[in-house]
Structures are given as C-alpha cells and as structure tokens.
Amino acid sequence: AAPDYDYTYTGFVSGESESDITKGAIACDYTKGSDAGTYDIKLSGFKADNYEITMANGTLTVSKKGISSLTTTLSETSYVYDGTGHTPGVTVKDGDTEVATANYDVTYTDNVKAGTDTAIVTITFKANYTGTITKTFSITKASRSSKVILDSWTYDGQTRTPTLDS
C-alpha cells in the first residue's frame, strides 16, 4: 500500500498552531505495486493568513526487495543423458504470488553431461528484486543395451567380425 505521508509545521508565533493553516494536498505517483525506484512527493495548496508558507517537496524511495523470502522451483530435477542441453522451467514465487519473469534472468551451465546435482541453474534478479539464487539438477547416465548378432554363421576357418546391434 502507498504510505501515509507526514509533514510538519514550524515557526508559529503568538500561540498559533497547525489549526491556523489551511491544509493542502500531498501527491505522489507511487501506488501499490509500483516498481522499485524514486518517486517525487509534491505539496500544494497549504495557506495561512499570517504566514508565508514554504513547501518543501520530498522523495519516496522504494528499495528493491531481497530474495530470502522467495521460493524457486524447477519444472524437472532429473533428466536422462541424451547429448543435448537441458533447461528446466523456473518458477519464482513471493508468497503465493508468482514473480514476473521481467524481474529475473535464468542461465544454465553444465547441463549436458551426466552427473548428480551437477547441472546448474542460476537465477539473477533485477528490476524489483536483488540477489542470485542457484539451483541444481541431475542428468543420469543413459542406459544402452547392445547385442552381438551371429546370424547364419558356419565355421569355415575364416576370421569373421560380428555385427553390433545398438
């Protein structure tokens, strides 16, 4: 939610107070869900019969959120070796809300060869978040069975090479 904005008055004389001021407006472009960044806070319309009012605008700074409360999941955590690079989908949630992909980049390394928890997914946050999360997944060895074919062989004293059926 947008914050409540405070302001103060100083310099009253003769027992006068805030009640002698006609309150004006405070405006800021920030709304709930706005991106991290800075937003101008603008004052206008403050008046008083006995005072010259100087309004000092302010700045609202919305910081990037850290990633400690985020949860990340991979669409797959195990593949069978097939000689290609595997790139499981990444889902990032902030509570029950899915974080938009515009807030992070995903890179994959060591994602071709077989190994247990050796393929790496790096999630680098940007925009409204800051930090990096690393996840791993496994690529199991492919199973291969072959058989030697000795089809219609008759011993004739000759050297022969069997065929390997993959």
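This chain uses plain numbering: 1 for the first residue, then up along the sequence.
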So how far is it from Ile133 CD1 to Ile67 CD1, rounded to the nearest 0.5 Å? 4.0 Å
Please check if the number of heavy atoms outside Asp156 that lie under 6.0 Å from its CG is greater than 12. yes
Is Tyr5 reachable from Leu43 through a run of I, L, V, M, F, W or Y residues, each pair having side-chain heavy atoms under 4.5 Å apart? yes
Do Leu74 and Val121 have side chains that approach each other closer than 4.5 Å (heavy atoms only, starting at C-beta)? yes
In terms of hydrophobic clusters joined by side-chain contacts under 4.5 Å, are Tyr108 and Ile120 together? no
Nearest heavy-atom contact between Asn111 and His86 is ND2-O, 2.8 Å
Considering non-hydrogen atoms only, spot the tightest contact between Ser34 and Tyr39 and give its length. CB-OH, 3.3 Å
Under a 3.5 Å distance rule, please check whether Asn103 uses its side chain to pair with a backbone N or O of Asn128 as donor and acceptor. yes
Check Tyr104 against Val90 and note the closest heavy-atom contact, atom names and distance. OH-O, 3.7 Å
Val62 and Phe125: same hydrophobic cluster, using ILVMFWY side-chain contacts below 4.5 Å? no
Is the closest side-chain heavy-atom distance between Phe137 and Tyr79 below 4.5 Å? yes
Asp40: which residues meet the salt bridge (Lys or Arg N to Asp or Glu O under 4.0 Å) condition with it, sequence neighbours left out? none
Flag yes if more than 12 heavy atoms outside Asp29 fall under 6.0 Å of its CG atom; otherwise flag no. no
Suppose the criterion is side-chain hydrogen bond (donor to acceptor under 3.5 Å, both in side chains): which pairs have a residue in residues 57-76, not counting sequence neighbours? Lys65-Asp94
Within the structure provided, determine whether Ile139 and Thr118 are in side-chain contact (heavy-atom separation under 4.5 Å). no
State, yes or no, whether a side-chain contact exists between Ile41 and Tyr30 at a heavy-atom distance under 4.5 Å. no
For residues 106-117, which residue pairs qualify under salt bridge (charged side-chain N to carboxylate O under 4.0 Å, His left out), counting only residues two or more places apart or in two chains? none
Below 4.5 Å, heavy atoms only, C-beta onward: do Ser17 and Tyr9 meet side chain to side chain? no
Considering non-hydrogen atoms only, spot the tightest contact between Asp20 and Ala48 and give its length. O-CB, 3.7 Å
Which heavy atom of Ala36 sits nearest to which heavy atom of Ala127, and what is that distance? CB-O, 4.3 Å
Joint hydrophobic cluster, Ile53 plus Ile26, side-chain heavy atoms closer than 4.5 Å: yes
I'd like to know whether NZ of Lys141 has more than 12 heavy-atom contacts from other residues, nucleotides or ligands below 6.0 angstrom. no
I'd like to know whether Glu18 forms a side chain to side chain contact (heavy atoms under 4.5 Å, CB included) with Tyr7, so could you lay out the CA-CA distance, the side-chain angles of the two residues, the decisive distance to 0.1 Å, and finally the verdict. CA-CA 11 Å; Glu18 291 181 16; Tyr7 49 90; 5.7 Å; no
Heavy atoms of Lys93 and Val99 approach each other most closely as C-CG2, 4.1 Å
Crowded around Lys126 NZ? As in, over 12 foreign heavy atoms under 6.0 Å? yes
